Student: 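Supplied in structure tokens, the structure appears directly below.
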Amino acid sequence: MDSKATTSKQIPVTALVFIGWLFLMTFLPFLIILGMSFLERTPLGTISFHFNFNNYARSFQYIYLKVLFKTVWLALIATLSCLAVGFPVAYHLARSKGWMKQLGLVLLFIPFWTNFILRIYGLVSLLGNHGLINQILLSLGIITSPLEILYTRTGVYVGLLYNYLPFLVVPIFSALEKLDPSLREAGFDLGANRFQVFWRVVIPNIKEGLFVGSLFVFIPMLGEYVIPDLLGGAKEAFLGNVMVSQFFVMQDWPFGSAMAGLLSALMLMTLWIQTRWSKTSGLRGGSLNA
Amino acid sequence: MGLKRIVILAVVLGLATSGLIYLRSRNTTPPRLRVSTWSNYFPESVIQDFTAKTGIRVELSYVSSNEELFAKLKAGATGFDIVQPSDYMVRQMKSLSMLSKLDPSLLPNLSHLDDYYRSLSYDPGNEVSVPFTWGTSGIAINTAQVEVPKDGVSWNMLFNSKYPRQTSLLDDMREVFASVLLANSLSPNAREINSLELAKKQIFQIKDRVLMFSSEPKPLLLREEVIIAHSYSSDAIQAHAQNSKIQFFIPKEGGVIWTDNFAIPASSKHKLQAHAFINYFLSPENALITVRQSHLATPNKTVRELLTIEEKGDPNIYPPPEIFKKLFFLEDLGTVLPTMNRMWTELKS
């Protein structure tokens with residue numbers, strides 16, 4: 001063993017891998033997108049190295065802002081639905097004991113061992129007019145005509161909820177896990193009822209977990225395009241769909257890149273606000289910072 | 001510690017170089033033809049036969065869209081010897097000199113091509129491309145559930161569908177605009193803003209009524225979730241093979257015609273072998289096998305003679321002359337294209 005002084009001067013192999021990975025997989029692609037966004041599509045579908053800001057100007061046209069707001073709205077509603085379902089799941093999971101907890105966690109993630117596209121096609125065959133759900137409800141006489149879920153906005157919400165739920169459950173679960181049970185007991189001892197304990201003891205202590213979980217689902221939903229296409233019937237274009245069509249249909253990579261750049265900026269801003277908020281909200285340690 | 005790092009670095013570098021050497025040696029030794037194609041297109045048997053007869057090995061790779069192919073070639077993907085662009089992509093690639101000039105003396109089987117396909121507007125005289133299959137865009141109807149009008153199928157069956165919740169449109173901006181324009185007796189390649197605005201208005205009126213936009217209506221037709229579908233002839237005819245009640249129609253107002261072509265990228269290093277490959281697939285016996293497998297229409301007049309009466313008599317695969325002359329290729333819209341894309345985004349926003 002050498003002295004600590006010599007080892008600390010060298011960059012450890014792990015750091016090299018870490019930095020190399022970040023550079024290749026995050027930094028470099030982002031730089032390419034950024035560079036591309038200042039170029040121009042020629043009428044022949046090629047890219048001309050004529051530096052300009054037109055793509056950004058175009059991105060702020062009314063029609064694209066409308067798509068952006070619609071996308072944010074969709075992601076917001078879907079995130080709230082995820083919270084409504086995910087919070088009870090996480091809460092119950094955290095309070096379960098022993099093998100129940102392990103089993104619950106595993107079962108939550110088992111569907112995700114299947115490929116994403118396959119799971120979406122699974123939903124297509126479940127939700128359709130001739131799908132399992134409608135057929136069962138029809139044959140039981142609960143409904144008289146098939147529920148229109150597939151190829152509607154509702155279908156998109158169902159797909160988003162199904163696909164993102166675990167990413168919200170896990171941060172909340174781990175925040176609840178770290179919550180000292182004696183805090184709840186102290187609340188009861190001091191005369192609080194169940195609701196008061198929940199609202200004034202549990203929630204404030206897992207606030208950050210709730211926030212992080214929500215961001216984990218909200219941010220990727222902003223760029224979602226497969227679910228709107230496959231479950232929404234491609235009748236509505238969200239930001240992801242518009243960007244994808246710039247690359248794959250219009251061959252307008254510069255414009256697509258400008259939109260991607262702006263979306264990334266929006267996502268980073270959301271993260272920044274979250275960090276600022278958690279710093280100023282006077283939380284101690286914060287369950288997820290530990 | 002220092003020594004350990006050097007050892008790791010050496011091992012990594014060593015593996016990397018030997019990997020590169022391996023890849024290089026793999027690429028140079030036996031000449032093989034790299035063919036970029038669509039999935040489910042070439043019968044394996046014909047390719048194996050080609051290799052057996054000529055000694056030229058073939059490596060297939062797949063693309064899922066013309067734009068993907070374009071991006072790959074443009075990004076400098078070299079090593080492709082044969083590509084299969086559709087008509088509009090041939091035009092685009094040709095104007096950018098991405099395709100190499102074909103040598104007719106190496107393609108004696110070109111003589112089997114129908115005259116129409118030897119003087120196509122996007123590549124007159126087959127300078128850089130040879131049509132391999134062609135098809136149309138029209139309407140697929142489940143005739144068990146929808147009555148086919150006596151005076152012929154019209155595009156209005158899509159837009160004033162009696163079964164809107166069982167109707168689908170292609171998720172393709174150009175195709176949808178073209179069909180609405182045709183329904184209004186306008187050119188599917190109209191560039192006038194008034195015509196496009198009119199089309200946009202009509203698409204807007206129907207887009208929430210129809211079940212969905214989908215470029216792959218085949219499974220929807222087969223599940224009978226959709227009984228009237230705006231469709232490429234290829235999908236509809238494959239669906240027909242599984243359910244004979246599903247029939248394809250070219251509307252009486254006319255339709256869109258498209259071709260898939262062979263072409264040799266300018267960057268190909270095996271142009272001689274690539275010509276041999278194209279010529280091989282133009283030969284009637286090989287083209288026949290391919291046509292029978294894909295159910296697509298052939299531009300090869302000799303092959304058409306070889307087809308059975310039922311095969312060549314299907315007016316929806318090989319439309320009669322009076323309909324054929326109402327088929328249009330989608331032309332390059334130039335600066336109008338971004339305008340149309342904006343309208344398309346507005347429609348869906």
Side-chain angles (χ1 to χ4, degrees), chain A residues 1-2 6-7 9-13 16-17 41-47 58 61-71 121 124-125 128-131 145-146 148 150-153 155 228-239 241-242 244-253 255, chain B residues 1-2 4-5 8-9 12 64-68 70-71 74-75 88-89 91-98 165-166 168-174 176 206-216 219-220 223-226 332-338 340-349:
Chain A
M1 270 282 205
D2 261 327
T6 46
T7 48
K9 268 185 209 156
Q10 301 170 336
I11 310 164
V13 177
L16 276 177
V17 173
R41 174 193 189 268
T42 67
L44 282 173
T46 52
I47 290 149
R58 261 174 88 191
Q61 284 176 350
Y62 168 72
I63 174 66
Y64 299 110
L65 289 180
K66 190 176 159 197
V67 172
L68 171 71
F69 284 125
K70 200 175 71 169
T71 309
Y121 276 112
V124 169
S125 54
N129 286 353
H130 298 271
S145 61
E148 290 204 9
L150 190 61
Y151 311 133
T152 64
R153 183 70 85 88
D229 263 1
L230 292 181
L231 296 175
K235 280 190 284 193
E236 278 189 293
F238 296 97
L239 205 57
N241 307 86
V242 175
V244 166
S245 81
Q246 295 310 320
F247 285 94
F248 294 127
V249 181
M250 294 303 294
Q251 302 180 317
D252 197 344
W253 291 31
F255 183 42
Chain B
M1 280 298 244
K4 208 168 165 185
R5 278 239 313 283
I8 290 172
L9 201 70
V12 168
S64 57
S65 75
N66 279 291
E67 287 72 20
E68 183 190 336
F70 179 88
K74 209 61 203 164
Y88 72 98
M89 191 46 72
R91 189 196 317 110
Q92 188 180 358
M93 288 179 166
K94 188 180 176 183
S95 63
L96 291 165
S97 308
M98 290 162 73
R165 302 307 294 171
Q166 287 164 287
S168 75
L169 297 179
L170 282 175
D171 190 21
D172 182 312
M173 163 180 100
R174 284 300 301 274
V176 173
I206 51 157
K207 73 127 192 167
D208 285 325
R209 292 179 55 225
V210 298
L211 182 67
M212 67 183 308
F213 288 87
S214 170
S215 294
E216 286 167 5
L220 298 161
R223 285 203 303 266
E224 303 198 343
E225 264 188 78
V226 158
D332 182 14
L333 292 184
T335 52
V336 177
L337 194 68
M340 187 185 267
N341 184 249
R342 244 189 79 134
M343 291 182 169
W344 186 245
T345 308
E346 280 164 10
L347 279 170
K348 287 195 172 189
S349 71

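Numbered from 1 within each chain, the chains take letters A, B, ... in sequence-line order. Atom set for the values below is all heavy atoms of this structure, side chains included, hydrogens, waters and symmetry mates excluded. The shown structure was predicted, so the numbers you read here are calculated from the model rather than taken from an experiment.
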Student: Name the member of A:R41, A:K70, A:K66, A:M250 that forms the most heavy-atom pairs with chain B at distances under 4.5 Å.
Tutor: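 It is A:M250.
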Student: Can you tell if the side chain of A:Y151 reaches within under 4.5 Å of the side chain of B:V210, non-hydrogen atoms only?
Tutor: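 Not in contact.
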Student: As an exercise, state the distance from CG of A:N129 to CD of B:E224, rounded to the nearest 0.5 Å.
Tutor: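 Taking CG in A:N129 and CD in B:E224, the distance rounds to 12.5 Å.
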Student: Measuring from atom CD1 of A:I63 to atom CH2 of B:W344, what distance do you get when rounded to the nearest 0.5 angstrom?
Tutor: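 One finds 13.0 Å between CD1 of A:I63 and CH2 of B:W344.
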Student: Need one label for A:E236: side chain, backbone, both or neither, based on atoms under 4.5 Å from any heavy atom in chain B.
Tutor: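 For A:E236, the contact with chain B is made by backbone and side chain together.
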Student: Tell me if the CZ atom of A:F248 is crowded by more than 12 foreign heavy atoms within 6.0 Å.
Tutor: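 Atom CZ in A:F248 is not packed in, count stays at 12 or less.
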Student: To check you understand the geometry: which heavy-atom pair defines the closest contact between A:W253 and B:A71, and what is its length?
Tutor: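 Taking every non-hydrogen atom into account, CZ2-CB, 3.6 Å.
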Student: What distance do A:L230 atom CG and B:S214 atom OG have between them, rounded to the nearest 0.5 Å?
Tutor: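 That separation rounds to 9.0 Å.
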Student: Pick one of side chain, backbone, both or neither for B:E68, based on which atoms fall under 4.5 Å of a heavy atom in chain A.
Tutor: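 No part of B:E68 comes within 4.5 Å of chain A.
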Student: Does some side-chain heavy atom of B:K348 sit less than 4.5 Å from a side-chain heavy atom of A:F238?
Tutor: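 Heavy-atom side-chain distance check fails, nothing below 4.5 Å.
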Student: Quick one: do A:L150 and B:E225 satisfy side chain to side chain contact (heavy atoms under 4.5 Å, CB included)? Show the steps, please.
Tutor: CA-CA 11 Å; A:L150 190 61; B:E225 264 188 78; 4.0 Å; yes
Student: Side chain, backbone, both or neither: which part of B:L211 has a non-hydrogen atom closer than 4.5 Å to chain A?
Tutor: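 The answer is both parts of B:L211.
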Student: So what's closer than 4.5 Å to chain A heavy atoms on B:M89: side chain, backbone, both or neither?
Tutor: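 Interface part for B:M89: side chain.
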Student: Given heavy-atom pairs under 4.5 angstrom as the criterion, report whether the side chain, backbone, both or neither of A:Y64 touches chain B.
Tutor: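 For A:Y64, the side chain is the part near chain B, not the backbone.
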Student: At their closest point, which heavy atom of B:D208 faces which heavy atom of A:K235, and how far apart are they?
Tutor: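 Looks like O-NZ, 4.3 Å.
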Student: Is chain A contacted by the side chain of B:K74, its backbone, both, or neither, given a heavy-atom distance below 4.5 Å?
Tutor: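 B:K74 touches chain A through side-chain heavy atoms alone.
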Student: For each of B:L347, B:D171, B:T345, B:N66, tally heavy-atom pairs with chain A at distances under 4.5 Å, and name the one with the top tally.
Tutor: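 Of the candidates given, the most pairs with chain A belong to B:T345.
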Student: Begin with the C-alpha distance, continue with both residues' side-chain angles, and end with the deciding distance and a verdict on side chain to side chain contact (heavy atoms under 4.5 Å, CB included) for A:Q251 and B:L337.
Tutor: CA-CA 11 Å; A:Q251 302 180 317; B:L337 194 68; over 6 Å; no
Student: So which of A:S245, A:G128, A:G232, A:A237 has the largest heavy-atom pair count under 4.5 angstrom toward chain B?
Tutor: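 Counting heavy-atom pairs under 4.5 Å, the top option is A:A237.
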